[in-house]
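Residues: numbered from 1 along the sequence shown.
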Amino acid sequence: MLKRLFPYAQKHRKYLMLACACVILETVFELVIPTLMADIIDIGVANSDKGYILWKGAQMIICALLALILGIMYARFAATAGQGFGAELRKDEFERVQNFSFANTDHFSTSSLITRLTSDVTILQTAISNGIRPLVRAPVMLLMALFFTFTINPELTMVFVVVTPILACGLFVIVRKVGPLYRLMQASIDQINTVVQENLNAIRVVKSYVREGYEEEKFKKMNIALRDNSEHAFRTSVWNMPLFQYVMYTTIICILFFGGQMIFEGVMKVGELTGFLSYVMQILNSLMMISAVFLMLTRSIASCERIIEVLDEVPDIHDPQNKDLIVNSGDITFHHVYFKYKTTAKEYVLSNIDMHIPAGSTIGILGGTGSAKTSLVQLIPRLYDVSEGEVLIDGHNVKEYSIEHLRDSVGMVLQKNVLFSGTIRENLLWGNEHATDEDIDWACHVASVDEFIHQFPKGYETDLGQGGVNVSGGQKQRLCIARALLKHPKVLILDDSTSAVDTATEANIREGLATLKETTKLIIAQRVSSIQYADQIIILDDGHINAIG
């Protein structure tokens with residue numbers, strides 16, 4: 001599973017290799033120190049050789065300083081590699097989400113995607129930054145320390161033949177149980193993010209209905225669920241520490257007992273036993289590090305699976321990248337179109353839609369709630385693809401156009417108006433980042449934005465706040481229409497986009513749109529007055545065309 005993400009570390013392979021080299025060299029210098037210490041006791045102290053003791057002590061200090069420098073270098077290289085890996089993975093995951101169709105996005109909740117882009121990536125990023133050291137250091141330390149213990153006393157080294165299987169079995173049981181718990185914990189984070197997101201997005205509704213207590217109780221339940229899942233996961237994983245400590249101290253007692261017997265028998269020296277114990281501690285520490293790495297990898301695998309689910313999600317809308325084909329006039333034809341949101345759905349949302357919309361005309365679309373008016377117009381810019389039939393623009397199937405060009409040729413003001421943090425000008429420039437002041441003034445005049453823009457002291461430089469909280473619903477609708485007009489689209493779709501403005505302002509907007517002779521206009525409305533001057537009116541009823549006239 002983790003191999004799937006190795007390519008994201010390729011750009012930072014140099015830093016990974018340098019980090020590994022630093023760990024290996026640091027470990028070597030640390031492992032030399034017990035040997036030097038044993039020499040000081042058995043030779044220097046035994047022979048009262050002060051010069052020998054100082055010389056070996058100086059070597060120990062040099063080894064310690066070199067190990068320190070290498071440790072600092074490792075920290076820098078590992079951090080660079082880990083942060084770089086996280087940035088590459090997060091960028092690719094975000095790009096994949098951007099390429100999702102609405103149907104793909106429906107497979108994940110918004111809060112889950114946020115967690116997968118942040119928390120899950122951070123876990124993997126931390127695993128690299130903090131995991132290289134024990135992952136490389138532990139095996140090197142284990143093998144070298146075993147070698148040194150074997151050279152000191154092969155008989156005492158046989159203690160590890162008994163100890164290692166016990167530790168391996170304990171670690172296997174812990175890892176097997178804790179893996180699913182980590183995934184459950186990440187799912188709980190998804191749920192708590194959902195509650196927070198909904199509460200913040202609808203904070204005005206919450207307060208107006210005095211539902212703060214209800215929201216607090218709902219958050220409390222999710223928070224307790226996250227706490228319980230986290231406690232369960234960590235309570236299981238912490239068994240690793242007492243298990244290793246129990247085995248470690250039992251091993252030390254056994255070595256002291258058998259080693260003491262050997263000293264009395266004259267088979268072993270005190271300095272050798274001291275050095276042996278130092279290596280034993282390093283062996284046990286390396287085994288503990290290996291177990292910690294396994295636990296870290298277990299949690300990383302849970303996050304890895306969640307990220308790969310996003311990366312493996314295949315966009316159901318494919319971009320032909322046909323840059324030669326462009327939208328010239330905006331002539332639209334629906335040819336026996338059927339559509340449903342899920343292939344497994346029993347009924348179609350739209351059935352047998354067959355109609356022609358001439359270029360430059362104004363089309364009004366009426367229908368009751370749930371009659372699939374929005375679903376119909378979303379097929380034009382390929383926000384969804386038809387299930388059967390085809391949608392044609394200028395005689396070509398919309399699937400033949402590049403998605404970027406197609407959506408740039410279609411200006412769409414959605415039913416839910418969305419503005420972004422920033423100034424009015426920055427929001428308008430979403431329609432055309434190269435728009436001049438004259439273009440902005442023109443679009444704002446057509447959308448009747450100029451009626452209220454001068455009420456703000458800073459004009460176009462007024463900060464809208466998050467989601468456009470500083471403007472009313474009607475003002476927000478007019479800004480969204482102006483933003484769409486700045487694209488100079490061949491097709492303009494207004495999905496109930498004047499519902500919050502008064503009839504006089506709506507009439508002004510309608511007169512302004514009438515001047516766009518070369519733009520095909522589709523207007524979804526609830527009021528008959530909004531589309532009574534359209535060239536053609538389409539009545540939808542339960543996903544079928546009831547009448548056209």
Side-chain angles (χ1 to χ4, degrees), residues 101-103 316-318 320 322 325-403 405-407 409-415 489-497 513 516-528 530-549:
S101 67
F102 284 5
D316 59 357
I317 294 180
H318 303 288
N322 187 357
L325 189 61
I326 61 174
V327 177
N328 290 311
S329 61
D331 183 89
I332 303 172
T333 302
F334 284 78
H335 184 62
H336 299 299
V337 168
Y338 289 80
F339 171 70
K340 53 186 176 182
Y341 286 101
K342 294 183 178 179
T343 55
T344 55
K346 295 182 179 180
E347 297 182 1
Y348 287 100
V349 176
L350 291 166
S351 300
N352 197 27
I353 304 299
D354 202 13
M355 64 180 180
H356 175 245
I357 300 173
S361 62
T362 300
I363 304 298
I365 302 176
L366 289 176
T369 301
S371 58
K373 303 184 294 296
T374 298
S375 300
L376 177 72
V377 296
Q378 285 181 340
L379 300 177
I380 298 173
R382 292 190 71 192
L383 298 180
Y384 290 95
D385 268 342
V386 299
S387 302
E388 296 179 25
E390 57 182 355
V391 179
L392 308 175
I393 296 183
D394 294 349
H396 297 279
N397 193 312
V398 291
K399 296 180 180 179
E400 298 176 21
Y401 294 97
S402 72
I403 291 178
H405 171 71
L406 175 65
R407 292 177 180 171
S409 301
V410 178
M412 189 168 186
V413 183
L414 298 170
Q415 196 169 15
K490 296 297 181 182
V491 178
L492 178 64
I493 300 171
L494 303 180
D495 187 357
D496 201 16
S497 303
L513 295 176
L516 308 177
K517 301 296 184 183
E518 297 182 357
T519 301
T520 306
K521 298 169 284 293
L522 285 80
I523 303 173
I524 296 176
Q526 298 294 337
R527 296 186 297 225
V528 176
S530 301
I531 47 93
Q532 63 181 340
Y533 298 104
D535 300 315
Q536 204 171 43
I537 294 176
I538 299 170
I539 307 295
L540 283 180
D541 182 25
D542 196 24
H544 298 80
I545 294 179
N546 183 275
I548 299 179

- Message: For a quick test of reading the model, state the closest non-hydrogen atom pair linking P381 to I493 and the distance between them.
- Response: CD-CD1, 4.4 Å
- Item | Qualifying residues under side-chain hydrogen bond (donor to acceptor under 3.5 Å, both in side chains), relative to S402, sequence neighbours excluded | none
- Heavy-atom check, side chain of V327 versus side chain of H405, under 4.5 Å: yes
- Rounded to the nearest 0.5 Å, how far apart are CD1 of I538 and CG of L540? 7.0 Å
- Item | Residue pair V391 / T333, side-chain heavy-atom distance below 4.5 Å | no
- Query: About how many Å separate CD1 of I317 and CD1 of I403, when rounded to the nearest 0.5 Å?
  - Reply: 6.0 Å
- Closest heavy-atom contact between A372 and G543? CB-CA, 4.2 Å
- Message: Please check this pair: side chain of T520 against backbone of G330, looking for a donor-acceptor N/O pair closer than 3.5 Å.
- Response: yes
- Note on the structure: Rounded to the nearest 0.5 angstrom, the CD1-NZ distance for I326 and K490 is 8.5 Å
- Task: Determine yes or no for a side-chain-to-main-chain donor-acceptor pair under 3.5 angstrom, with D394 supplying the side chain and N328 the backbone.
- Result: yes
If you look only at distance, which donor and acceptor atoms sit under 3.5 Å apart when one is on a side chain in residues 357-369 and the other is two or more places apart or in another chain?
{"from": "S361", "atom 1": "OG", "to": "P358", "atom 2": "O", "distance (Å)": "2.6"}

- Message: Within the structure provided, determine whether I548 and Q536 are in side-chain contact (heavy-atom separation under 4.5 Å).
- Response: yes
- List the atom of I380, the atom of V398, and the distance in Å for their closest heavy-atom pair. O-CG1, 3.6 Å
- Message: Using the rule side-chain contact (heavy atoms from CB on, under 4.5 Å), only one of I531, I523, V528 pairs with I537; which is it?
- Response: I531
- Query: Can you check whether V413's main-chain N or O pairs, donor with acceptor, with S497's side chain at less than 3.5 Å?
  - Reply: yes
- Item | L522 side chain near L376 side chain, heavy-atom distance below 4.5 Å | no
- Task: Please name all residues satisfying side-chain hydrogen bond (donor to acceptor under 3.5 Å, both in side chains) with D542, sequence neighbours left out, ordered by chain then number.
- Result: none
- Item | Approximate separation, where rounding is to 0.5 Å, of L325 CG and H396 NE2 | 5.0 Å
- Task: Assess whether side-chain contact (heavy atoms from CB on, under 4.5 Å) is satisfied between F334 and I545, documenting all intermediate values.
- Result: CA-CA 12 Å; F334 284 78; I545 294 179; over 6 Å; no
- Using a 4.5 Å cut-off on heavy atoms from C-beta on, say whether the side chain of I393 contacts that of L406. yes
- Q378 and M412: CA distance, side-chain angles, deciding distance, side-chain contact (heavy atoms from CB on, under 4.5 Å) verdict: CA-CA 9 Å; Q378 285 181 340; M412 189 168 186; 3.8 Å; yes
- Please list, chain by chain and in numerical order, all residues satisfying ring pair (Phe, Tyr, Trp, His ring centres under 6.0 Å) with Y384, sequence neighbours excluded. F102, F339, Y341
Scan the side chains in residues 346-356 for donor-acceptor partners under 3.5 Å anywhere in the protein, sequence neighbours excluded, and list what turns up.
{"from": "Y348", "atom 1": "OH", "to": "E388", "atom 2": "OE2", "distance (Å)": "2.5"}
{"from": "N352", "atom 1": "OD1", "to": "H336", "atom 2": "ND1", "distance (Å)": "3.1"}
{"from": "H356", "atom 1": "NE2", "to": "D331", "atom 2": "OD1", "distance (Å)": "2.8"}
{"from": "H356", "atom 1": "NE2", "to": "D331", "atom 2": "OD2", "distance (Å)": "3.1"}

- Note on the structure: Here the gap from L414 atom CG to L383 atom CG, rounded to the nearest 0.5 Å, amounts to 7.0 Å
- Message: Considering only residues two or more places apart or on different chains, which pairs with a residue in residues 355-384 satisfy salt bridge (charged side-chain N to carboxylate O under 4.0 Å, His left out)?
- Response: R382-D385
- Message: If you count heavy atoms of other groups shown closer than 6.0 angstrom to CD of E518, is the number above 12?
- Response: no
